[in-house]
Amino acid sequence: FFHVVPKAMPAKKEGGKKRTPPRLFVPGTMCGFKRSLRTQKMKTSLVAIEGVRTQKSARWYLGKRCCYIHKGITEKVGIRGKATKVRAMWGKVTKAHGNSGVVRCKFSPNLPAKAIGARIRVYMFPWNPEHTPKVSKA
């Protein structure tokens, strides 16, 4: 006798803007290790961040987290319980290196030598208000 009448679905808007996901990281390249004339210090990696060309602009990235993603030989249980070969090594940007925008990063464990020339993700967190550029109020 009584039957359920489905609610009318609202019509989709035509020509609506698609939301782009927020940018979580900036790509960078591992250039090598900190070194002197004869010895290289493998505990500190040098990373060139895309779009950073000066020491002043590299200052914003101090304290940010960075990640080297690579594939291992054997499968291990990942975060969601699935077996995966993909692994990540996490580090932190410690200071600028020189005047060309390259930064020094410390990873735990140290990055392997095969990571030279590989992509490094430099994440936009944690946010530090000290290194944010000052905006003048007009």
Side-chain angles (χ1 to χ4, degrees):
F1 172 168
F2 292 108
H3 63 278
V4 179
V5 179
K7 288 185 178 179
M9 295 293 289
K12 287 187 177 179
K13 291 182 181 178
E14 295 288 328
K17 289 184 180 178
K18 287 187 176 180
R19 248 185 92 201
T20 56
R23 192 173 75 170
L24 296 178
F25 65 88
V26 177
T29 307
M30 194 237 184
C31 302
F33 299 106
K34 180 182 157 190
R35 54 170 295 156
S36 60
L37 185 62
R38 290 176 185 84
T39 58
Q40 103 179 347
K41 321 283 190 215
M42 291 186 67
K43 64 183 180 181
T44 306
S45 305
L46 303 179
V47 176
I49 303 171
E50 280 187 12
V52 179
R53 296 285 172 260
T54 62
Q55 188 179 34
K56 190 175 181 181
S57 59
R59 218 175 289 150
W60 188 85
Y61 291 95
L62 298 184
K64 301 287 188 269
R65 304 279 302 193
C66 43
C67 180
Y68 168 62
I69 297 173
H70 64 101
K71 282 193 175 180
I73 298 169
T74 59
E75 287 189 342
K76 291 192 177 182
V77 178
I79 296 171
R80 293 183 180 88
K82 291 183 180 177
T84 180
K85 290 184 178 182
V86 179
R87 297 186 186 35
M89 297 171 88
W90 288 90
K92 190 199 285 191
V93 177
T94 55
K95 66 185 291 186
H97 182 80
N99 295 317
S100 61
V102 176
V103 294
R104 297 181 193 177
C105 300
K106 290 205 174 187
F107 285 84
S108 178
N110 296 340
L111 287 183
K114 73 172 187 176
I116 296 175
R119 300 303 253 165
I120 305 284
R121 292 179 173 188
V122 181
Y123 283 87
M124 306 298 237
F125 56 83
W127 182 69
N128 189 352
E130 277 183 29
H131 303 300
T132 307
K134 303 276 190 261
V135 178
S136 60
K137 294 179 182 177

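Please read these numbers as outputs of a predicted model, since none were measured by experiment. Every heavy atom of this structure was used, including side-chain atoms; hydrogens, water molecules and symmetry mates were not.
Taking each heavy atom of A58 and V103 in turn, the nearest pair found is CB-CG1, 3.8 Å. Across all their heavy atoms, I120 and C66 have their closest contact at CG2-CB, 4.0 Å. Heavy-atom minimum distance, C105 versus V47: SG-CG2, 3.7 Å. Between P126 and G63 the shortest heavy-atom distance is CD-O, 3.4 Å.
Side-chain heavy atoms closer than 4.5 Å link hydrophobic residues (I, L, V, M, F, W, Y) into clusters, and following such links, possibly through other members, connects L24 to W90. Grouping the Ile, Leu, Val, Met, Phe, Trp and Tyr side chains by contacts below 4.5 angstrom, directly or via other members, places L46 apart from M42.
Partners of T39 by side chain to side chain contact (heavy atoms under 4.5 Å, CB included), not counting sequence neighbours, listed by chain and number: S36, K41. For E50, the salt bridge (Lys or Arg N to Asp or Glu O under 4.0 Å) criterion is met by R119, not counting sequence neighbours. A search for ring-ring contact (aromatic ring centres under 6.0 Å, His included) contacts involving F25 returns Y123, not counting sequence neighbours. R87 pairs by the salt bridge (Lys or Arg N to Asp or Glu O under 4.0 Å) definition with nothing, not counting sequence neighbours. Residues that satisfy the side chain to side chain contact (heavy atoms under 4.5 Å, CB included) test with A115, not counting sequence neighbours, are M30, Y68, L111, P112. T54 is linked by a side chain to side chain contact (heavy atoms under 4.5 Å, CB included) to K56, S57, counting only residues two or more places apart in sequence or in another chain. Qualifying side chain to side chain contact (heavy atoms under 4.5 Å, CB included) partners for S100, counting only residues two or more places apart in sequence or in other chains: V102.
Residue V86 belongs to a hydrophobic cluster whose other members are I69, with links defined by side-chain heavy atoms closer than 4.5 Å.
In this structure, the side chain of K82 does not engage the main chain of V77 through any donor-acceptor pair within 3.5 Å.
Taking the side chain as every heavy atom from C-beta outward, H70 and M89 approach each other to under 4.5 Å. Put simply, the side chain of I116 reaches to within 4.5 Å of the side chain of F33, judged on heavy atoms.
Under the salt bridge (charged side-chain N to carboxylate O under 4.0 Å, His left out) criterion, no residue pair touches residues 90-116, with sequence neighbours excluded.
Between atom CE of residue M124 and atom CZ of residue R23 there is a gap of 4.0 Å, rounded to the nearest 0.5 Å. Interatomic distance, F107 CZ to K43 NZ, rounded to the nearest 0.5 Å: 15.5 Å. Rounding to the nearest 0.5 angstrom, the gap separating the NZ atom in K34 from the OG1 atom in T94 is 8.5 Å.
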